[in-house]
Amino acid sequence: MVLVNPLSGKGQAMALYTGPIQRMLTEAAVPHTLITTEHQNHARELVQKADLSQWSAIVILSGDGLLFEVINGLMEREDWEEAIHTPLGILPGGSGNALAASVHHYTQADAVFGEDLLLSCGFVLCKGLVCPLDLLSVRLSSGQRLFSFLSLAWGFVADVDIESEKYRPVGAVRFLVGALVRLASLRTYQGRLAFLLAAEESSSVTTHSPLSLPASSYCSSLPCVSNTQQHHSPEHPATRTDPKEHGPVDDLMTPLGAPVPTDWTVVEERDFVLVLATCHSHLAEDLMVAPDARPGDGHIHLFYVTAGVSRPALLRLFLAMEKGTHLACDCPHLVYRRVRALRLDPVTRPGVITVDGEQVEYGPVQAQVHKGYARLISG
């Protein structure tokens, strides 16, 4: 099944299909069914009810938002455990094309953009190699649960993503324009952050830096619990509040509003410029935020920038992201951690939080990675 959103990006997705992609699939003898989406959540509704036995994969020719719909539609099926193992493919047809750029990056080829990126992803698709894909289970304060394959953002990145929608007709340049506009009136966002370090991080990173405190010091919104109450048992009441809920058990998190486990690192309440959690190397075709990320590495790559960073320094960070060298900039306001779960509690209101580039309910949010839970067609 090939799903095309004809309105994504510059509105050229159908032309991309009828041009190089259809030819490549025909020459590679890959039979497929083309379906064009007609409204928001059409893809989500479609995969909820589709007979998936008719297809060996679901391929998206659009931006990242359409894949977000597909994954959440698959997880809403009664047979979600089997459905989520349907291989998923991506062809860039949107503005950001983060996953497509990441898939190309994983081939270890030199960076490409535009039609060259489309051709690269087309070749990957025709090869048909499948690898594990991590999913994030995202919990919102209303109790809603979402599944993410890409990112969770708050602050500068989320604002740019949503505010630049008005520039969508210009394509990927919309993000640059939006970033410059937001940079000119740089905001800070007060909030609290906590996270569970990945095993290799916890052995090498101290949690008593000026940017973090032991969990016992952070009890206003994320109070502490004893080790006997932690996340090790799948029967922990925090892991599944609804017995009919679909999806894997969240065994690393407690409910929002309840204590975080004592083995989490807690960042003191402070002003942030941005908080970004991602599962992949790229956030856009020309933004390589986590060069070492891999689709099934079991990590959330967490970045945050604290208040006090100057506009020129923040601009240098984003310019360095084109080649993935921002971590070598030695910016004292930039923190990077590999984590397995996180909780964000915004104090500043109103504000914007995005999941895979889609705006979600604003308020406390937490996420846990489920390693290799889905399948991705990738080189």
Stepwise salt bridge (charged side-chain N to carboxylate O under 4.0 Å, His left out) test for R139 and E245
CA-CA 12 Å; R139 303 270 182 177; E245 182 180 70; 2.7 Å; yes

Using the salt bridge (charged side-chain N to carboxylate O under 4.0 Å, His left out) rule, take D292 and R338 through it: C-alpha gap first, then chi angles, then the decisive distance, then the call.
CA-CA 11 Å; D292 295 333; R338 287 185 294 273; 5.6 Å; no

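- With a 6.0 Å radius and a threshold of 12 heavy atoms from other residues, nucleotides or ligands, Q54 has its CD atom above the threshold.
- A heavy-atom distance below 4.5 Å is not found between the side chains of L66 and S8.
- A pairwise comparison of heavy atoms in N97 and G94 identifies OD1-N, 2.9 Å as the closest pair.
- Side-chain contact between F156 and F272 is absent, with no heavy atoms from C-beta onward closer than 4.5 Å.
- Environment of CD in Q40: sparse, with no more than 12 heavy atoms of neighbouring residues, nucleotides or ligands closer than 6.0 Å.
- Put simply, the side chain of T254 gets close to the backbone of P259: a donor and an acceptor are under 3.5 Å apart.
- In this pair, Y17 and H32 present their aromatic rings perpendicular. The plane angle is above 60°, beyond the 30 to 60° band.
- L302 has its side chain within reach of V275: a pair of non-hydrogen atoms, C-beta onward, lies under 4.5 Å apart.
- Side-chain contact between P346 and Y362 is present, with at least one heavy-atom pair separated by less than 4.5 Å.
- Remark: side-chain polar atoms of S281 are not paired, donor with acceptor, to backbone N or O of A293 under 3.5 angstrom.
- Side-chain contact between D286 and M321 is absent, with no heavy-atom pair separated by less than 4.5 Å.
- Heavy atoms only, all atoms of each residue included: V273 and A307 are closest at CG2-CA, 4.1 Å.
- Between F149 and L135 the shortest side-chain heavy-atom distance falls below 4.5 Å.
- Using a 3.5 Å distance cut-off with no hydrogens or angles, the side chains of H280 and Y106 do pair a donor with an acceptor.
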Go through the steps to decide whether I353 and L140 satisfy the test side chain to side chain contact (heavy atoms under 4.5 Å, CB included), and finish with yes or no.
CA-CA 10 Å; I353 293 174; L140 306 180; 5.9 Å; no

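- Pairing each heavy atom of D134 with each of G298, the nearest pair is OD2-N, 2.6 Å.
- A donor-acceptor pair under 3.5 Å links the side-chain atoms of E69 to the main chain of N41, judged by distance alone.
- Note on ring orientation: taking the six-membered ring where Trp is involved, the planes of H299 and H301 are perpendicular (angle over 60°, cut-offs 30° and 60°).
- Counted by atom type alone, T354 and D161 present zero donor-acceptor pairs between their side chains at under 3.5 Å.
- Residues C121 and A100 share a closest heavy-atom pair of SG-O, 3.5 Å.
- In this pair, F303 and H326 present their aromatic rings tilted. The plane angle is within the 30 to 60° band.
- No donor-acceptor distance shorter than 3.5 angstrom exists from the side chain of T325 to the backbone of A328, with no hydrogens or angles considered.
- For D64 (side chain) and A98 (main-chain N/O), a donor-acceptor pair under 3.5 Å exists by modelled atom type.
- Residues V249 and L256 are members of separate hydrophobic clusters, defined by side-chain heavy-atom contacts under 4.5 angstrom among Ile, Leu, Val, Met, Phe, Trp and Tyr.
- The minimum heavy-atom distance between R77 and V47, with the atom names listed, is NH1-O, 2.7 Å.
- Grouping the Ile, Leu, Val, Met, Phe, Trp and Tyr side chains by contacts below 4.5 angstrom, directly or via other members, places V347 apart from F195.
- Between E163 and R187 a salt bridge is recorded (basic side-chain N to carboxylate O distance below 4.0 Å).
- Other residues, nucleotides and ligands place no more than 12 heavy atoms under 6.0 Å from the CD atom of E82.
- Surrounding CG of D79 are more than 12 heavy atoms belonging to other residues, nucleotides or ligands, all under 6.0 Å away.
- When all heavy atoms of E361 and S142 are compared, the closest pair comes out as OE1-OG, 2.6 Å.
- Within the 4.5 Å cutoff, no side-chain heavy atoms of R343 are placed close to those of Q368.
- Annotation: the span from L314 atom CG to L183 atom CG amounts to 5.5 Å, rounded to 0.5 Å.
- With hydrogens and angles disregarded, no donor-acceptor distance shorter than 3.5 Å links the side chain of H105 to the backbone of R294.
- Here the CG atom belonging to L196 is positioned 10.0 Å from the CG atom belonging to L342, to the nearest 0.5 angstrom.
- S102 contributes atom OG, which lies 9.0 Å from atom CE of M288 (distance to the nearest 0.5 angstrom).
- Here the options are I71, I84, L133, the test is side chain to side chain contact (heavy atoms under 4.5 Å, CB included), and the partner is Y373; only I84 passes.
- L376 places a side-chain heavy atom less than 4.5 Å from the side chain of L99.
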Evaluation steps, side chain to side chain contact (heavy atoms under 4.5 Å, CB included), between E358 and L146
CA-CA 11 Å; E358 304 296 316; L146 300 171; over 6 Å; no

